[in-house]
Amino acid sequence: MTAVLKAEGLTRSFGHVMALNGADFEVGLGEVVALIGDNGAGKSTLVKALTGNLALDSGVIEFDGRPVTLDSPTTASRLGIEVVHQDLALAPHLNPAQNMFLGREIPAKGVLGWLGFMDNKEMRDRTRERLADLGGTVRSLSSPVGSMSGGQRQQIAIARAIAWADKVVFLDEPTAALGVVQTKNVLDSIKRVRDRGIAVVLISHSMPEVLEIADRVQVMRLGRRVATYDGKETNVEQLVGAMTGALSLGEVSNGKEAA
Amino acid sequence: MTTTAATDVEKTTDDDESGTVLQRLAGTQAVWILGVLVVIVAFFAISGGDRFLSTANFSLISQNLAVLAVLGAGMTFVIITSGIDLSIGSVLVFASVISAKLMSEMGGDGAGVVIVGILAAVVAGAAWGFLNGFLIAYAKIPALIVTLGTLSAALGLAYVLSKGINITVGAESLTDFGIYTRFAGLPALPLLALVIVVIFGIVLHRTRFGRHTFAIGSNQEAARRVGIRVDRHLMLIYLITGVLGGIGAVMYLAQFGTTTIGGQSLTNLNVIAAVVIGGTSIFGGYGSMFGTIVGLFIPAILQSGFVIIGVDPFWQGVAVGAVLIAAVYVDQTRRAAAQRGAPRVKQAKEGTK
Ligand SMILES: Nc1ncnc2c1ncn2[C@@H]1O[C@H](COP(=O)(O)OP(=O)(O)O)[C@@H](O)[C@H]1O
Ligand SMILES: [Mg+2]
């Protein structure tokens, strides 16, 4: 497997906290990589760094084998990298279609489009399709997303990321607010996205979920990767052991002491 | 546009933004407050009779609202981004002083003089708008502080430039336009204001620029993450608001033929009150141009009505204050109820699926 997105030795501190402390990471096209670790391990920070939402203190990020500087979300988007943040990053007063196409509004046809008018119907129709693909429970495309349940918002955020990601999509705890049925829908969508040849990075605290879907599992602890496992060959005990540091192999393979 | 399924599910939980277009409209603050306006008009129509309902009276009311409406168009954008512009009245005074001074120094009544006067006012307004926008969007100083500062600075400079003496406008072609010119029986200034408000309303509700304005007010971080150039957008909005202040200054000069340096101290608050009475959320993300117009008419109608039925017009201030607070209170409770109710009810529904 050749990595489409690869990171080496990323560091980033917030005051005295080393959120990333020499973190490595890689993901290839058409594979699902699960990123796991205890709260505060640095998963969200890593995702932010890899999606242009956070400046790094040091480290190298390569995309398609070339070093890149992801200095803004737009830069990442242009490379085909999308993300569903843990805090969702939807505009609560806007409706699902407006959120789906925010910053990428479809212009109206002809002169009107040139003047900045939008094709709201087209955007609504496409949003409806995308949400239907997810088997979602979002029924109203005209209600503000702020009035919807956590699960519905989650579906909208996921639909948006999947719709725009050509290469890599990051999902930071996408199923945390979801019920059983919606979780299954999200996992099915992840598989479909992977089968389209897109790289999927999934952050999750649910070990069964991780074991079901991940081709590889990367474990983070104290701001760096401490272990990588093949999704088919690992088990819950091993993963939890690596997360908590009960297993020593992570430390050994990494060779550095955490700050 | 929703499916019938959507109406069934959503209607019970939050009426305001879903269901049919009619249901949706009926739930908005702007329409609710339009009802209040209608009641007020009906009240004065009954108690004040023909004097209140006359064309002349409404002509006068709209004449008095024209400048405020132009300022309100910009303020609606500003407040939807969850910003504020306190400087707008001072900017208007400053721009009118610059404009009147230039015109009186040039003398005469030619088209050239008037054009210079208009351009000067617009540039002066734009300069203050630019300064506001730069300090708010790029220097990240809170809008309240920045515009409080420019409120004071613009007015101070207006006094310095005029030495505190009001400047009359000699260019009669400008003042005649403001007082006498009519199109299809409508006075020119309100008509101009209407055109500006409609254009800004369309931009706000129908274009990308407007959509991004709502998004920034709703969740600035979300807007940034999808690649909207938030800083530039905010900068533009304050700049445009300054330009509208300049246009308002020209309209003011056309209407009254003189600057009133000390006479605009409440303009900013009147405009902000109108925007908020019209249902635009002071916290950003929500609002309408239509609401602002309704919000402007309520104080104006109260003022005129009180005079006509012989109530001390100072009561207008009291009434407007009450309407302002009541409007925001009603809006807030309705919305809080929707927010509280929605997730629980909908979650339950999902669960049963
Ligand atoms: N913006 C920030 N400011 C200060 N500290 C932060 C910030 N973001 C993350 N951190 C800290 O960095 C560490 C890693 O956080 P995070 O990446 O969110 O962990 P995870 O997602 O794995 O739970 C935590 O100790 C957290 O408190
Ligand atoms: Mg996290």
Side-chain angles (χ1 to χ4, degrees), chain A residues 51-53 72-78 83 85 87-95 97-99 101-108 112-113 115-118 120-121 124-125 128 136-153 157 160 164 177-182, chain B residues 1-11 13-21 23-24 80 202-203 206-212 214-229 281 283-287 335 338-351 353:
Chain A
T51 53
N53 284 294
S72 77
T74 329
T75 317
S77 282
R78 225 175 277 135
V83 59
H85 294 282
D87 54 5
L88 296 180
L90 298 174
H93 299 82
L94 302 189
N95 68 38
Q98 292 168 340
N99 267 293
F101 283 89
L102 191 58
R104 296 175 166 110
E105 292 82 2
I106 300 176
L112 283 181
L115 285 173
F117 288 82
M118 301 168 289
N120 286 313
K121 184 175 179 308
R124 241 180 346 243
D125 290 347
R128 191 174 293 121
T137 56
V138 179
R139 289 178 191 81
S140 170
L141 290 184
S142 55
S143 300
V145 304
S147 71
M148 297 182 179
S149 73
Q152 290 171 324
R153 279 190 297 224
R160 178 170 76 178
W164 302 114
L178 300 184
V180 180
V181 179
Q182 287 82 44
Chain B
M1 262 299 302
T2 48
T3 60
T4 42
T7 16
D8 288 348
V9 176
E10 309 285 335
K11 204 160 48 187
T13 55
D14 60 317
D15 293 326
D16 59 341
E17 302 293 333
S18 58
T20 66
V21 174
Q23 280 173 325
R24 205 155 70 228
I80 286 174
I202 290 172
V203 170
R206 284 278 161 266
T207 69
R208 268 169 68 95
F209 188 86
R211 176 83 34 98
H212 292 180
F214 281 101
I216 289 170
S218 180
N219 185 345
Q220 197 176 111
E221 186 55 30
R224 226 180 273 280
R225 284 185 193 170
V226 295
I228 294 172
R229 285 188 271 182
S281 166
F283 303 111
Y286 183 85
R335 234 176 282 220
Q339 292 281 324
R340 263 199 315 278
R344 224 179 328 152
V345 176
K346 283 176 189 165
Q347 213 120 46
K349 286 212 165 79
E350 269 169 44
K353 256 201 70 123

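Just so it is clear, the values below take in all heavy atoms, side chains as well, and ignore hydrogens, waters and symmetry mates. Naming: A, B, ... by sequence-line order, numbering from 1 per chain.
- Aromatic ring orientation, W164(A) versus F101(A): perpendicular (interplanar angle above 60°, classes split at 30° and 60°).
- At a cut-off of 3.5 Å, with distance as the only test, no side-chain donor of T74(A) or S77(A) sits close to an acceptor on the other residue.
- The backbone N or O of Y286(B) lies less than 3.5 Å from no partner atom in the side chain of S281(B), so there is not a single donor-acceptor pair.
- In this structure, chain B has a heavy atom under 4.5 Å from the side chain of N120(A), while its backbone stays farther away.
- Only the side chain of R160(A) comes within less than 4.5 Å of a heavy atom of chain B; its backbone N, CA, C and O stay farther away.
- Within the 4.5 angstrom heavy-atom criterion, no atom of R229(B) approaches chain A.
- At a 4.5 Å heavy-atom cutoff, the contact between L90(A) and chain B is made by backbone atoms alone.
- Ranked by heavy-atom pairs under 4.5 Å with chain A, the list H212(B), E221(B), R225(B) is led by R225(B).
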### Task
Take N219(B) and H93(A), measure what side-chain contact (heavy atoms from CB on, under 4.5 Å) needs, and give me the verdict at the end.
CA-CA 8 Å; N219(B) 185 345; H93(A) 299 82; over 6 Å; no
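- In this structure a side-chain-to-backbone donor-acceptor pair under 3.5 Å is present from E105(A) to G103(A).
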